[in-house]
Amino acid sequence: MKHGTQDLALFGGAPAFLEDRRVGRPNQGDRRRFLERMNRVLDNEWLSNMGPLMHEFEARVAELAGVRHCVSLCNATVALQMLVGDVATGGVPGDEVIIPALTFPATAHAVQWRGLRPVVCDVDPVTGLIDPDRVEALITPRTRAIIGVHLWGQACDVRRLEKIAETNRLRLYFDAAPALGCTHGDTPIGGFGDAEVFSFHATKIVNSFEGGAIVTDDDALAERMRAIRNFGFGPDGRVEEVGTNGKLSEAAAAMGVTSLDALEDTVAHNHANYEAYRAALAAVPGVRPLEYDARHRNTHHYMMVTVDEPAAGLHRDVLLDVLRAENILAQPYFPEAMHQLQPYADKSTVALPHAEALCEQLLALPTGPKVSADDIGIISDVVRVAVAHGPEVTALRRARTTGTAAQ
């Protein structure tokens, strides 16, 4: 246990952990079952090109998402690019797609790659989700689509966005990268808008090493997406679309199915971790765990907190340095909003105050199957000590950075 600044590793104390506690450790599931599946893949010699494990994975994801179609892909970025490409067909370069300011860069990149212009929208100041009122204000005659993001598994205001899209005859997609297994009310995320995109990257709650999927109830859209992921080949073997190579390999599907097997246990562990963090941080001023709307199910794959500098006595980045010195590899989420990233900074002169404020405060703490209740107690103790001595920690950290003595 740490008692003062002298105990913090940033200032010479012993680190709280000898081995890293990280954000986003892979959920591997049962390694024996994975290897059994891989042996079948190798015995079958069907390594890619829509094999049986890929179809099993798609069927299970579709069932979990409550939709008719799951089109698995090599990653979620390709999935977004394919959907945006469907929007771009028949349009002109520079047509617009509205996206939230808080999202992974792939959301904007997918729009830009397909020759459309990402229009960045401010977010709700508490949840970080795209603000439907701001969406309406940004619609112009050049707007072709809206992409909402279910940030940290929180459901967007899907019904309001669906109404806006319908009224303005716009496509509506959801970047649901971290949201498999989450719900809006009692309805699984996956079936809202025209289509949704999941990620199965190694850091996600269900991983396939690298992978993604488009999920939808639109039969025609699903058929086009299946053709596009396989070089444009349609069901009869003829090239019908301008396609790409977006197929999910059997090795990736083997990991995906194995990871799905462990999903409920992982969710239960994450929920316990979330409650443990909430209890441990309850009395720490200025450090607030993100509260999720109880009407919707969340998998608690991310342990998000905000650090309010005036109340905590130190900036988020100071606390981040303290934690990392203890081998607690927390992450800022996000260090910059989308409109502040260099590729997009010169395309918007409008300040987005809610997104910018959250980017100064958000912090992801380690959670997942490899993080225990004891770990959470230790991590929270480091946070407590750092905040209790916030001004002193800030001064000592500044002195270390500038090479001057703390006053």
Carefully, step by step, assess Asp122 and Arg134 under the rule salt bridge (charged side-chain N to carboxylate O under 4.0 Å, His left out).
CA-CA 7 Å; Asp122 209 356; Arg134 294 302 307 147; over 6 Å; no
[X] side-chain N/O to [Y] backbone N/O, donor-acceptor pair under 3.5 Å:
X	Y	value
His184	His296	no
Glu63	Ala59	no
Thr244	Gly246	no
Asp124	Thr127	yes
Asn207	Lys204	no
Thr143	Thr140	yes
Thr107	Phe104	yes
Thr183	Asp186	no
Glu162	Gly193	yes
Gln154	Leu151	yes

Pairwise distance [atom1]([X]) to [atom2]([Y]) - rounded to 0.5 angstrom:
X	Y	atom1	atom2	answer
Thr306	Leu358	OG1	CG	7.5 Å
Tyr333	Leu290	OH	CG	12.5 Å
Cys156	Leu172	SG	CG	8.5 Å
Phe174	Asp194	CZ	CG	9.5 Å
Thr203	Asn27	OG1	CG	11.5 Å
Ile98	Ile147	CD1	CD1	10.5 Å

For Tyr274, does the OH atom sit with more than 12 other heavy atoms under 6.0 Å from it, leaving out its own atoms?
yes
Has Glu19 got more than 12 heavy atoms of other residues, nucleotides or ligands less than 6.0 Å from its CD?
no
Side chains of [X] and [Y]: does their closest heavy-atom pair fall under 4.5 Å?
X	Y	value
Tyr277	Leu365	yes
Arg398	Thr394	yes
Leu83	Leu221	yes
Val387	Pro285	yes
Val123	Asp131	no
Phe17	Ile379	yes
Arg400	Leu10	yes
Asn327	Leu18	no

Under the salt bridge (charged side-chain N to carboxylate O under 4.0 Å, His left out) rule, what pairs show up with a residue in [range], not counting sequence neighbours?
range	value
residues 314-326	Lys2-Glu326, Asp321-Arg397
residues 262-273	Glu264-Arg297
residues 227-241	Glu58-Arg229

[X] and [Y]: side-chain donor and acceptor closer than 3.5 Å?
X	Y	value
Glu223	His69	no
Gln81	His109	no
Thr5	Glu392	yes
Asp261	Thr258	no

Salt bridge check: are [X] and [Y] linked by an N-O gap of less than 4.0 Å?
X	Y	result
Asp219	Arg68	yes
Glu275	Arg278	yes
Arg37	Glu250	no
Lys163	Glu166	no
Asp95	Arg144	yes
Asp20	Lys370	no

Check the pair Leu260 / Leu64 against side-chain contact (heavy atoms from CB on, under 4.5 Å), numbers first and verdict last.
CA-CA 10 Å; Leu260 274 173; Leu64 188 58; 4.1 Å; yes
Ring centre gap for Phe198 and His150 strictly below 6.0 Å
no
Start with the C-alpha gap between Val257 and Arg60, add the side-chain angles, then the distance that decides, and say whether side-chain contact (heavy atoms from CB on, under 4.5 Å) holds.
CA-CA 8 Å; Val257 173; Arg60 291 182 61 176; 3.3 Å; yes
How far apart are the C-alpha atoms of Leu363 and Val287, what are their side-chain angles, what is the distance that settles it, and do they pass the side-chain contact (heavy atoms from CB on, under 4.5 Å) test?
CA-CA 10 Å; Leu363 188 64; Val287 178; over 6 Å; no
Sole residue of Arg32, Arg31, Arg33 in side chain to side chain contact (heavy atoms under 4.5 Å, CB included) with Leu35:
Arg31
Single hit among Leu138, Ile146, Leu102, Asp133 for side chain to side chain contact (heavy atoms under 4.5 Å, CB included) with Cys121
Leu138
Please walk me through it: do Thr299 and His301 pass side chain to side chain donor-acceptor pair (under 3.5 Å)?
CA-CA 5 Å; Thr299 62; His301 184 56; 5.6 Å; no
Could you go step by step and tell me if Leu396 and Leu8 meet the side-chain contact (heavy atoms from CB on, under 4.5 Å) rule?
CA-CA 11 Å; Leu396 288 170; Leu8 297 174; over 6 Å; no
